[in-house]
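A short worksheet on the structure shown next.
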Amino acid sequence: MPLTINTPLDMHLHLRDEAMLHNIAKASSDTFSGAIIMPNLVPPVSSKEALIAYKQRILLATNDNSFTPYMTLFFKPSYDKIFLASIKDEITAIKLYPAGITTNSEEGVSGFDIEALRPALEAMSDLEIPLCVHGETNGFVMDREAEFASIYEDLASAFPNLKIIMEHITTKSSVDLLDKYPNLYATITIHHLLITLDDVAGGMLQPHLFCKPIAKRPEDRDALRKVALSAHPKVMFGSDSAPHPKEAKEACGCAAGVFTAPIALQLLAELFDTQDASQENLQAFISGNAQAIYGIAPTDKVITLEKTPFKVPSDYNGVVPMYANEEIAYSIKEIQTSQS
Ligand code: NCD
Ligand code: ZN
């Protein structure tokens, strides 16, 4: 029986810029109604002019009025309320990166001195601008996210009216925080629901599965699955689809990021099916929860999938996707927009 998904949203997406943007934008805009666009360009998107210009370039590359890019600004502790009020209508959230923790995050926050961050975060709280956070310390790679839990707790308690989204969570420790603080939410990727560190490095090293945060233990994946498959109201799908050129992945010094945009919906359909989770929960995880959390109303788009094998292409314009050349169980059969 075909499966339909309404108005899918990708609440964490890297669309890049220039040639790469043009090469991969349609992989998201064809099948999603909207996406939260990450600001980690070089240089990062941290001014109103840069943000508006970037949005225009995205609209040009997607050329599809059934896809909404929800823009984010790269967090700087120096943002004041006047500036934030002036940009509020252009953005959906602000993304905070610890300095140097992942691709193009060098201009992020060093040290987590809550008092130093207070003016900007209080202004965001007053203006009701959500804060998205890449939650990793620079500790031992497997412990980075768990070590960040205390920072999430400090932020959540210090700014109780600020919506804080723990981006691409990979650990049980992050899942446990969801029910502890009313203002903490999370995005979860499809790859972290499917793989563990074993898939990345347990056999031959798999550069196309290497990302930040790195995939963790089976018990962490189980904890993620539990909240995603039951559509816990505080979790949303965010692919963290992060394309890099093939040469940058298949290299000595592999760039972090998994490219999943073109197969995300098919893989989610397969996972919810094999795990006996309901279609209703899939719908909530992939759209309803995000609409409620962010208060957004994207354009309708109905995706019909069917259980027919799909052979994942070897690359999309020079970018190798997850599961390249492998067969996955679901295919996209039809895409209906309100225009079509
Ligand atoms: C992302 C990228 O390449 O921009 N990489 C990744 O491994 N996820 C950045 C990020 O979200 O950490
Ligand atoms: Zn990301």
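Atoms within a ligand are numbered from 1 in the order they appear, just like the ligands themselves.
Looking at His168, Lys212, Glu145, Glu167 one by one, the single match for side chain to side chain donor-acceptor pair (under 3.5 Å) with His134 turns out to be His168.
For residues 310-326, the set of pairs meeting the salt bridge (charged side-chain N to carboxylate O under 4.0 Å, His left out) definition, not counting sequence neighbours, is empty. Annotation: salt bridge (charged side-chain N to carboxylate O under 4.0 Å, His left out) contacts involving residues 114-130, sequence neighbours excluded, comprise Lys81-Asp126, Glu115-Arg118, Arg118-Glu122.
Using a 4.5 Å heavy-atom threshold, the side chains of Lys55 and Ile91 count as separate.
Within 4.0 Å of ligand 1, protein heavy atoms come from His12, His14, Arg16, Asn40, Thr102, Thr103, His134, His168, Cys211, Lys212, Asp240, Ala242, His244, Ala256, Gly257.
In terms of heavy-atom proximity, Pro213 sits nearest to Glu136 at CB-OE2, 3.4 Å.
No more than 12 heavy atoms of other residues, nucleotides or ligands lie within 6.0 Å of CD1 in Ile82, so this atom counts as exposed by the packing criterion.
You'll find the ring centres of Phe310 and Tyr330 outside the 6.0 Å limit. The distance between the ring centers of Tyr181 and Tyr152 does not fall below 6.0 angstrom.
Protein N/O/S atoms nearer than 2.8 Å to the Zn ion (ligand 2) total 3.
For the pair Asp176 and Lys180, the salt-bridge criterion is not met [side-chain N within less than 4.0 Å of a carboxylate O].
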